[in-house]
Amino acid sequence: MRLESFPRLAVGVINMKIDVWLYGVLSMYASEKAEKGFASVQLELSEGTKVGELLKTLNMPTEERGITFINGKLSALPGLQPDLNQELKDEDRISFFDHRSMWPFQYRHGAAMASGLNQILSTNPETIMHHKQKGED
Amino acid sequence: MWVLRINMSDQSYKLEELPEKYKLLYGRALTSQMVYDEVPPLCHALGLNNKLVFSAGVVTGTAAPTSARVSVGGKSPLTGGIKEANAGTAWGPDLAKMRVRALVVEGLPEKKDVYWGAKVKWDDEAGKPDVEFFDATEHIGKDVYEVYPQIFEKFGEKVSIASMGTAGELGYGNSGVVFNDMARRPSRYAGRGGLGAVMASKRLKFIILDAKGAPGIDMVDKSLFDEGRKKLIDAIRSHPISQPKGGLNSYGTAVLINILNEAGGLPTRNFSAGRFEGAAKTSGEAIFETNKERMGKEIYNHACSPGCIIQCSNTYYNEDQTEATSCIEYESTWALGANLGVDNLDDIATMVQLCNAYGLDTIETGGTLGVAMEGGLLEFGDSKGAIQMIHEMGKGTAVGRTLGGGTEVTGKIYGVKRVPAVKGQGMPAYEPRAVKGIGITYATTTMGADHTAGYTIAPEILGVSGKLDPLSPEGKAALSRAFQATTAFIDSCGHCLFIAFPILDIATGFEGMIQECNGVLGTNWNADDIVAYGAETLKVERKFNEAAGIGKEADRIPEFMKIEPLPPHNQIFDIPDEALDSVFEDL
Ligand code: SF4
């Protein structure tokens, strides 16, 4: 997929490629036809682009996403998104799941997490064990 | 309340009053206690002295949501240790409604070539259940999908049936006990650990339950039960995972495929990698979309058993709109998909259907074929060859019987050193090197590698937080112990384990579950009692295993996981043995 199909937001030199995977209903945020149940797109972005900026590029409101991975490390859970300011790097793989997806704690207990979630785990572990955050529907 | 003993040595039965000491034991708590009390730990699993014990849960047979579970226990021919496997099926409530707390199959007939059926029905006049035996030899050696309709035709559509397939008849360590689902398919398996072979060793082909006229469940405090039931229903209905058209109802348990794949924890090609390039094609989302395309509409999942409001069980359709199979679970699509390097959903569906038809456990079958592929019997990715091998297993050819021994046996025969098994049981679909916590549970559960051994409820309730660092090995070990105890309780209360998803987040749902139990039993249990109840069960199971020669030295992850880094994270399983030992140190 070509960058031209997205509104250009990032300023500066376009010098990194990001591999974006959109699962379930989120596949509609890919501008090309999705495969069965997912879409995979390659984006060219400028160095230092943050997760939040990537979401804008995709036109995807951050509330639409639940579980998120950056290079296989869990970076966000439904209602818990400490990754918005995480900077992406060249050749990163970032994957977004919709709210129907799940990963119960007993099946992710001890799995790799991005720095934001790791920090929360060390200060407030119960938050991480939950799937759904308080006040979220 | 009774213990119903079916003695296969002479095809007789006995109805005993439930002993006082079993009064509060149900489901897994009771099957494990009775196996401990009555089965010599060193007996041969397929011999005279093993027993097969069936028990439904505390609230099974009531109006509690998602509670039609039945536990099956015995000594496992696969692990040599204690086994509890459970299934969701109308058979559970039917047993409970006849007030049979435990149905025990014991003895062994001298004649090997005659198989029997036992029909248990409610005798209204006598006010108790009775049993009739019939010759079932004509149904041996057949596809259970061919056999079940004949039995329903003979005994009526309202009965429920427990049985096993040719895998059990052939004595495989890989053979389950099967029950009917709501559409009378023989598809709900208490699959793990070879209990199908135990049932077949006793030459008992069917246990048919006819609960017509049975009195149902007695409750001490109906209004407390109703209050609890309502809370649990609200929790299930409002959680995104368990609510109607939510995660499980839309995508089934296979919703986990893409997640574990992205996490780098989806065991691929016999546990040689943690990510499979074809995973998305085998996922719950792909099943949903394929059905939508083939059937021209969105199809949501159904209940496997009466009263389930989560309804996670899928049906997969062929291109010509006929049914390919029901149901493709996460574990099945992984075992016969990523684990074999197969990304063809139609072929996976065929394999699932064949496993059900022959009475094989899909997880053990996939684990076995993965090891056999590594050993050179087939190429990874050869789905047609894998289908052929499942036929050979079901038909009992020489190679088929070899594979029927399971993952570990097959590894020995093919000289493979990467054998993903613990205590002789093949590992399910979560890579311990990527998800260390579940590795601890795989290693230490009494059941052999088992993904359903460590479910959790709200951490605040478990009281585990604050006291430990969840990142440390000791912290993970403590969590694993708490999870395993909780799970043993849920396996005893009669609810499907999947209620753990909503009650993890919604505390009132958890309260509701306890109130339901207190309402039925007249107990005054709180959260601590629940964990203690589960821990008691674990203790009994560990004592049995120790006496069977399976001590804490067996609480280990296979060596290759400690030395081979797993891509993409390139991690090994680095939890020290002491941490594994600490899980049950002060149980
Ligand atoms: S949640 Fe799924 S497995 Fe559990 S009882 Fe319901 S349909 Fe069966």
Listed once per pair and sorted, the ring pair (Phe, Tyr, Trp, His ring centres under 6.0 Å) pairs that draw on residues 274-296 of chain B, sequence neighbours left out: B/Y251-B/F288, B/F288-B/Y300

Residue-level interface, residues 290-298 of chain B with chain A, non-hydrogen cut-off under 4.5 Å: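 So the qualifying residues are B/T290, B/E293.
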
Shortest non-hydrogen contact from A/A112 toward B/H569: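 Taking every non-hydrogen atom into account, CB-CE1, 4.1 Å.
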
Shortest non-hydrogen contact from B/R275 toward A/G72: NH2-CA, 3.6 Å

Aromatic ring pairing A/F105/B/F483, orientation class (parallel under 30°, perpendicular over 60°, tilted between): perpendicular

Contact class of A/N71 relative to chain B, heavy atoms under 4.5 angstrom: backbone

Side chain, backbone, both or neither of A/L74 within contact of chain B (heavy atoms, under 4.5 Å): neither

Name the region of [X], side chain, backbone, both or neither, that has any atom closer than 4.5 Å to a heavy atom of chain A.
X: B/R433; result: neither
X: B/A263; result: both
X: B/I241; result: side chain
X: B/S250; result: side chain
X: B/I575; result: neither

Gap separating the OG1 atom of B/T282 from the NZ atom of A/K36, nearest 0.5 angstrom: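 NZ of A/K36 is found 12.5 Å from OG1 of B/T282.
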
Euclidean distance, A/S101 OG relative to B/E285 CD, rounded to 0.5 Å: 5.0 Å

Greater than 12 external heavy atoms within 6.0 Å of A/Q119's CD: no

Non-neighbouring partners of A/R100 that pass salt bridge (Lys or Arg N to Asp or Glu O under 4.0 Å), sequence neighbours left out: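 By the salt bridge (Lys or Arg N to Asp or Glu O under 4.0 Å) rule, A/R100 matches no residue at all.
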
Flag side-chain contact, heavy atom, 4.5 Å: A/S95 against B/N258: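 Counting from C-beta outward, A/S95 and B/N258 never come under 4.5 Å.
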
Any side-chain heavy-atom pair of B/I259 and A/Y107 under 4.5 Å: no

Pick from [options]: which one has the most heavy-atom pairs with chain A under 4.5 Å?
options: B/A286, B/G284, B/A280; answer: B/A280
options: B/I287, B/T441, B/L248, B/L260; answer: B/L260
options: B/V255, B/I440, B/N249; answer: B/V255
options: B/S480, B/G437, B/P432; answer: B/G437

Interface residue of largest heavy-atom contact number with chain B, from A/M102, A/K73, A/R108, under 4.5 Å: A/M102

Pair B/E262 + A/R93, salt bridge at N-O below 4.0 Å: yes

Any residue meeting side chain to side chain donor-acceptor pair (under 3.5 Å) with B/N261, in chain and number order, not counting sequence neighbours: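 Counting only residues at least two positions away or on another chain, B/N261 forms no side chain to side chain donor-acceptor pair (under 3.5 Å).
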
